[in-house]
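Working notes, beginning with the structure itself.
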Amino acid sequence: MAEPVFNTLTLIGIGHIGSSIARGLQAAPGTVGCLRIYDANADHLNKARELGLADEYHRTAREAVSGADGVILCTPVGTFAALAAEIGPHLAPETVLSDVGSTKQSVIADVSPHLRPDTRFVPAHPRAGTEFSGPTSGLAHLFQGRWCLLTPTEAATDEATGKIEALWASLGARTARMSPAHHDRVTAIVSHLPHLIAFTICGTADDLADEIREEVLQFAASGFRDFTRIAASDPVMWRDIFINNKDALLEMFARFSEDAQAMARAVRWGDVDYIEDRINRSRKIRKSLIDIKQA
């Protein structure tokens with residue numbers, strides 16, 4: 001790379017996504033001149049230092065963003081308002097601010113009031129991740145071939161948005177731009193609702209009588225195991241996602257509930273045509289994901 005995308009990039013939060021960005025940047029030398037890390041959790045910050053994930057490690061967010069031309073919020077979305085209030089006055093002119101949050105309307109509403117007019121805010125959402133958390137869970141290849149969705153604000157210039165796109169491209173991701181409202185409805189059905197269902201199914205299994213619960217765990221098949229993998233995700237992160245995207249999530253849940261009731265009726269009355277149609281449509285979706293290398 002002829003010149004770095006950012007001379008100094010600050011990652012605020014060094015959990016699964018933050019540490020994966022750090023490791024990905026190590027595999028793409030030259031993308032960033034200097035990488036800084038801040039995390040409110042001292043153990044996480046010390047572990048990041050031990051792992052050698054960055055060039056600099058800072059104990060305050062204010063210190064970490066001072067003079068940086070790029071900043072990415074990598075903490076749960078529920079923390080964004082307080083973080084923005086803390087760092088907003090200390091961002092350098094024309095700093096490009098981004099994030100990795102799974103909701104976008106709430107993020108923009110929480111962050112924008114605390115920013116100066118010359119801060120270039122480009123919200124982003126990498127569509128990748130595992131159920132693991134913390135600085136040791138980072139994967140350099142996590143974003144390879146995955147999508148990162150961008151919802152630039154009015155304060156974001158084409159140059160600023162281009163920098164965020166270039167950063168994610170260096171990590172192997174593909175990027176797309178969309179409105180915040182459209183983003184939240186899309187992610188509600190493809191991500192947030194599946195997690196809500198997984199948490200609920202695992203909760204139902206845990207509420208069963210002890211003897212039955214033990215058998216559920218002992219004889220679990222791949223379908224239930226897949227739900228448990230999803231349900232093992234970070235509880236604070238998903239609590240914040242559900243609350244901050246509740247309108248879109250509840251809309252999709254209502255539609256799902258109607259479809260689930262229709263399927264239940266088909267099972268009750270032996271409507272094999274309806275059941276087979278739903279299964280075949282699901283198989284087509286799976287094949288489509290495989291064809292576009294998203295599965």
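Residue numbers run from 1 in the order of the sequence given.
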Checklist entry - Once the angle between the rings of Trp238 and His192 is folded into 0 to 90°, is it parallel (under 30°), tilted (30 to 60°) or perpendicular (over 60°)? => result perpendicular

[X] atom [atom1]: more than 12 heavy-atom contacts under 6.0 Å:
X	atom1	value
Arg62	CZ	no
Arg278	CZ	yes
Asp291	CG	yes

Can you see which heavy atom on [X] is nearest to which on [Y], and at what distance?
X	Y	answer
Pro194	Ile189	CD-O, 3.3 Å
Pro89	Ala84	CD-O, 4.5 Å
Cys74	Gly13	CB-O, 3.5 Å
Asp184	Lys104	OD1-N, 2.8 Å
Arg120	Ala155	CD-O, 2.9 Å
Leu53	Tyr57	N-OH, 3.2 Å

Charged N to carboxylate O under 4.0 angstrom, [X] versus [Y]?
X	Y	answer
Lys47	Asp43	no
Arg185	Glu251	yes
Asp259	Arg255	no

Measure the [atom1]-[atom2] distance between [X] and [Y] for me, rounded to the nearest 0.5 Å.
X	Y	atom1	atom2	answer
Ile14	Ile37	CD1	CD1	3.5 Å
Lys163	Leu9	NZ	CG	10.5 Å
Leu139	Ile21	CG	CD1	12.5 Å
Thr10	His58	OG1	NE2	6.5 Å
Arg281	Glu276	CZ	CD	14.0 Å
Cys202	Ile197	SG	CD1	12.0 Å

Is there a side-chain contact between [X] and [Y] (heavy atoms, below 4.5 Å)?
X	Y	value
Leu97	Leu115	yes
Leu150	Cys148	yes
Ser102	Asn245	no
Val122	Val96	yes
Ile279	Ile275	yes
Leu167	Ile72	yes
Phe242	Lys246	no
Leu149	Arg127	yes

Where the side chain of [X] meets the backbone of [Y], is there a donor-acceptor pair that is under 3.5 Å apart?
X	Y	result
Asp277	Asp273	no
Asp240	Gly78	yes
Ser112	Ala109	no
Ser19	Gly15	yes
Tyr274	Gly270	no
Ser66	Glu63	no
His182	Met178	no
Thr157	Ala160	yes
Thr151	Pro180	no
Asn7	Gly33	no

[Y] reachable from [X] in the ILVMFWY side-chain graph, under 4.5 Å edges:
X	Y	result
Ile87	Val100	no
Ile17	Phe6	yes
Tyr38	Val111	yes
Val190	Ile241	yes
Ile164	Phe143	yes

Next on the checklist: For Thr8, give me all partners under side-chain contact (heavy atoms from CB on, under 4.5 Å), at least two apart in sequence or on another chain.
Outcome noted: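 Once residues adjacent in sequence are excluded, the partners of Thr8 under the side-chain contact (heavy atoms from CB on, under 4.5 Å) criterion are Cys34, Arg36, Ala68, Asp69.
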
Item to check | From CA spacing to verdict: side chain to side chain contact (heavy atoms under 4.5 Å, CB included), Thr95, Val65 | outcome: CA-CA 9 Å; Thr95 295; Val65 304; over 6 Å; no

Next on the checklist: Could you walk me through whether Leu51 and Arg23 satisfy the side chain to side chain contact (heavy atoms under 4.5 Å, CB included) test, starting with their C-alpha distance in whole Å, then the side-chain angles of each, then the deciding distance to 0.1 Å, before giving a yes or no?
Outcome noted: CA-CA 10 Å; Leu51 295 170; Arg23 290 193 180 279; 3.8 Å; yes

Checklist entry - side chain to side chain donor-acceptor pair (under 3.5 Å) with His183: which of His125, Arg177, Gln105? => result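 By the side chain to side chain donor-acceptor pair (under 3.5 Å) criterion, His183 pairs with just one of His125, Arg177, Gln105: His125.
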
Next on the checklist: Using side chain to side chain contact (heavy atoms under 4.5 Å, CB included), reason through Leu249 and Leu193 one step at a time and then give a plain yes or no.
Outcome noted: CA-CA 6 Å; Leu249 175 58; Leu193 180 60; 4.2 Å; yes

Next on the checklist: Run the side chain to side chain contact (heavy atoms under 4.5 Å, CB included) test on Ile290 and Lys287 for me, step by step, so that the C-alpha distance in whole Å, both residues' side-chain angles and the decisive distance to 0.1 Å come before the verdict.
Outcome noted: CA-CA 5 Å; Ile290 293 172; Lys287 183 178 184 302; 5.7 Å; no

Checklist entry - His16 and Ser137: side-chain donor and acceptor closer than 3.5 Å? => result yes

Next on the checklist: Is a donor from one side chain sitting under 3.5 angstrom from an acceptor on the other, for Thr79 and Thr75?
Outcome noted: yes

